[in-house]
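Structure record follows, encoded as structure tokens.
Basis for what follows: all heavy atoms, side chains included, without hydrogens, waters or symmetry-related copies. Chain naming here is simple, since letters A, B, ... match the order of the sequence lines and numbering starts at 1 in each. Just so it is clear, the structure is predicted and the values come from calculations on it, not from any experiment.
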Number of protein chains: 2
Amino acid sequence: MTTQEEKTRRAELITAASRLFKEQGYERTTVRDLAQAVGMQSGSLFYHFRTKEEMLVAVMAAGIGELTDRLEEALAEAKTPLEKLKTVFRVHLDTLLGDDKGALSVLLYEWPSLSDKARTELIKLRDAYERDWQQVLDEAAAAGLVHSDTRLLRKLLLGGLHWTIQWYKADGSSSPKELADRMLELVLKK
Amino acid sequence: MTTQEEKTRRAELITAASRLFKEQGYERTTVRDLAQAVGMQSGSLFYHFRTKEEMLVAVMAAGIGELTDRLEEALAEAKTPLEKLKTVFRVHLDTLLGDDKGALSVLLYEWPSLSDKARTELIKLRDAYERDWQQVLDEAAAAGLVHSDTRLLRKLLLGGLHWTIQWYKADGSSSPKELADRMLELVLKK
DNA sequence: CCTACCGATCGGTAGG
DNA sequence: CCTACCGATCGGTAGG
């Protein structure tokens, strides 16, 4: 049986792991770093997780899960194809550049560290998110708002949005929301 | 003095390192893997490179250097803004998805493994490449071919193009060149 | 969750 | 470029 305290401790570990994996990368983060971040001994980690990789999977699943939840919640309130289009851009950049404590960045950049089995599991979660995007793009294309090659458009856009963590500075000129709107402009058919 | 044989050996090591770093990642590749790939003892690596990181820098510098050379060569033959635009897309995807033996992928995804000093050096090389892109986009915008927010457009496009290694399959429907043309279509103002 | 520890492996070096 | 090696560190475990 899993007690409430164990769940809390586990959640703390995932939060710490998100931050550390983002800052230092998964491979360069040691189990000792992780343990120290929550004030326990390194051996005690393995009471909560069987392996270090299990922590990575938990972080990545949390990242994509929260992103998908946010998107579907926001989409439920959007009416027109244009509103929905704005929503997918904004939620993505808001989450990635604004509120993300690391889980989402880790999701994007640590795929090579996963075992095949774990990868398969996470791909399913990622696909659910991309399906939501696809649907919004298809509606937008039907309304003449964007180019009709929506599958490639989705890939181009998601790549371009993912890449923002490499250059976006929070102190800069644009907020994530403004940036989202400007990026949408670039592919909108007038 | 550096003899011809030493240069050759060094080049072999860089080639092997490109492949291994791409396949396994820099952190997961050991000096023993690298030595074995060229048939030497692990200690002997350090006759050619002072540290493992120096090998990473060499790989990344080779990746961005070759890409920039190719681009400038191809641009010299392009006349119109539209031709130049096609060229930057094609050279990028051709190199990344077609001929790259790993150096370019490593360049894109191993930044976090670099020391600050090495990073600064490589950023200069990368900026030279991006300046070429910027110039082509500016000309295209002046000719009314693309959106005028060319700085953001450059970032969106380079991100989207970089990301193709995550999903492109060589056996698939489109060649790198065809893919380049289709992607360009997505941001072309009609 | 801690204590105490292990076997494996890591990047790198000295001396030839 | 090889031989022989080193100190440090790694993920993980047994027993409580």
Side-chain angles (χ1 to χ4, degrees), chain A residues 1-60 106 110 112-119, chain B residues 1-60 106 110 112-119:
Chain A
M1 218 170 59
T2 313
T3 71
Q4 201 56 45
E5 290 149 44
E6 279 167 2
K7 275 192 201 163
T8 310
R9 213 70 175 114
R10 201 185 144 90
E12 282 174 32
L13 274 167
I14 293 177
T15 303
S18 300
R19 185 174 53 80
L20 287 169
F21 290 165
K22 177 182 180 181
E23 287 173 6
Q24 317 178 358
Y26 171 73
E27 299 289 344
R28 283 176 297 277
T29 301
T30 69
V31 294
R32 285 160 183 84
D33 292 336
L34 292 162
Q36 197 187 18
V38 297
M40 59 170 67
Q41 297 302 311
S42 66
S44 309
L45 274 187
F46 299 95
Y47 172 78
H48 297 278
F49 295 89
R50 263 176 309 170
T51 61
K52 185 187 163 194
E53 196 210 1
E54 208 174 75
M55 298 189 69
L56 176 59
V57 174
V59 166
M60 292 175 77
V106 173
E110 296 290 358
S113 298
L114 290 171
S115 67
D116 288 345
K117 194 187 160 197
R119 208 190 327 259
Chain B
M1 220 170 58
T2 313
T3 72
Q4 201 56 44
E5 290 150 43
E6 278 168 1
K7 274 192 203 165
T8 310
R9 214 71 175 112
R10 199 185 146 92
E12 281 174 31
L13 275 167
I14 293 178
T15 303
S18 299
R19 186 175 53 81
L20 288 169
F21 289 165
K22 178 183 179 180
E23 285 173 10
Q24 318 178 356
Y26 171 73
E27 298 290 344
R28 284 176 297 278
T29 301
T30 69
V31 294
R32 284 158 184 84
D33 292 335
L34 292 162
Q36 197 187 18
V38 297
M40 60 169 67
Q41 297 302 311
S42 67
S44 309
L45 273 186
F46 299 96
Y47 171 77
H48 297 279
F49 295 89
R50 261 175 310 171
T51 62
K52 185 186 164 194
E53 197 211 0
E54 209 174 75
M55 299 189 68
L56 176 60
V57 173
V59 166
M60 293 175 76
V106 173
E110 296 290 359
S113 297
L114 291 170
S115 66
D116 288 345
K117 194 188 161 195
R119 206 187 330 258

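- Here the closest heavy-atom approach between residue B:E110 and residue B:L56 is recorded as CB-CD1, 4.1 Å.
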Whenever both distances are under 3.5 Å in a Watson-Crick or G-U wobble pair, mark it; put DNA chain C into dot-bracket that way, with [ ] for crossing pairs and | when the partner is on another strand. ||||||||||||||||

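- Interatomic distance, B:Q36 CD to B:L45 CG, rounded to the nearest 0.5 Å: 11.5 Å.
- Remark: the B:T51 side chain and the B:E54 side chain contain no N/O donor-acceptor pair separated by less than 3.5 Å.
- Heavy atoms of B:R32 sit under 4.0 angstrom from at least one base atom.
- The stretch residues 42-53 of chain A comes close to DNA chain D through A:G43, A:F46, A:T51, A:K52, each having a heavy atom under 4.0 Å from the strand.
- Listed by residue number, the members of residues 17-26 of chain B with any heavy atom below 4.0 angstrom from DNA chain D form an empty set.
- Nucleotides of DNA chain C with any atom under 4.0 Å from a heavy atom of chain B span, from 5' to 3', C:dC10 to C:dT13.
- Using a 4.5 Å cut-off on side-chain heavy atoms (C-beta onward), B:H48 and B:M40 make contact.
- Take A:Q41 and apply the side chain to side chain contact (heavy atoms under 4.5 Å, CB included) test, not counting sequence neighbours, and it matches A:S44.
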Throw together a table of side-chain donor-acceptor distances under 3.5 angstrom for residues 11-26 of chain A, partners on residues two or more places apart or in other chains.
residue : atom : partner : partner atom : Å
A:E12   : OE1  : A:R9    : NH1          : 2.6
A:T15   : OG1  : A:A11   : O            : 3.0
A:S18   : OG   : A:I14   : O            : 2.8
A:Q24   : OE1  : A:T29   : OG1          : 3.4
A:Y26   : OH   : A:E53   : N            : 3.2

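- When the shell of 6.0 Å around CZ of A:R28 is examined, it contains more than 12 heavy atoms from other residues, nucleotides or ligands.
- A donor-acceptor pair under 3.5 Å is formed between the side chain of A:R119 and the backbone N or O of A:L114.
- Checked against B:S113 for a side chain to side chain contact (heavy atoms under 4.5 Å, CB included), the options B:E27, B:K52, B:M60 give a single hit: B:E27.
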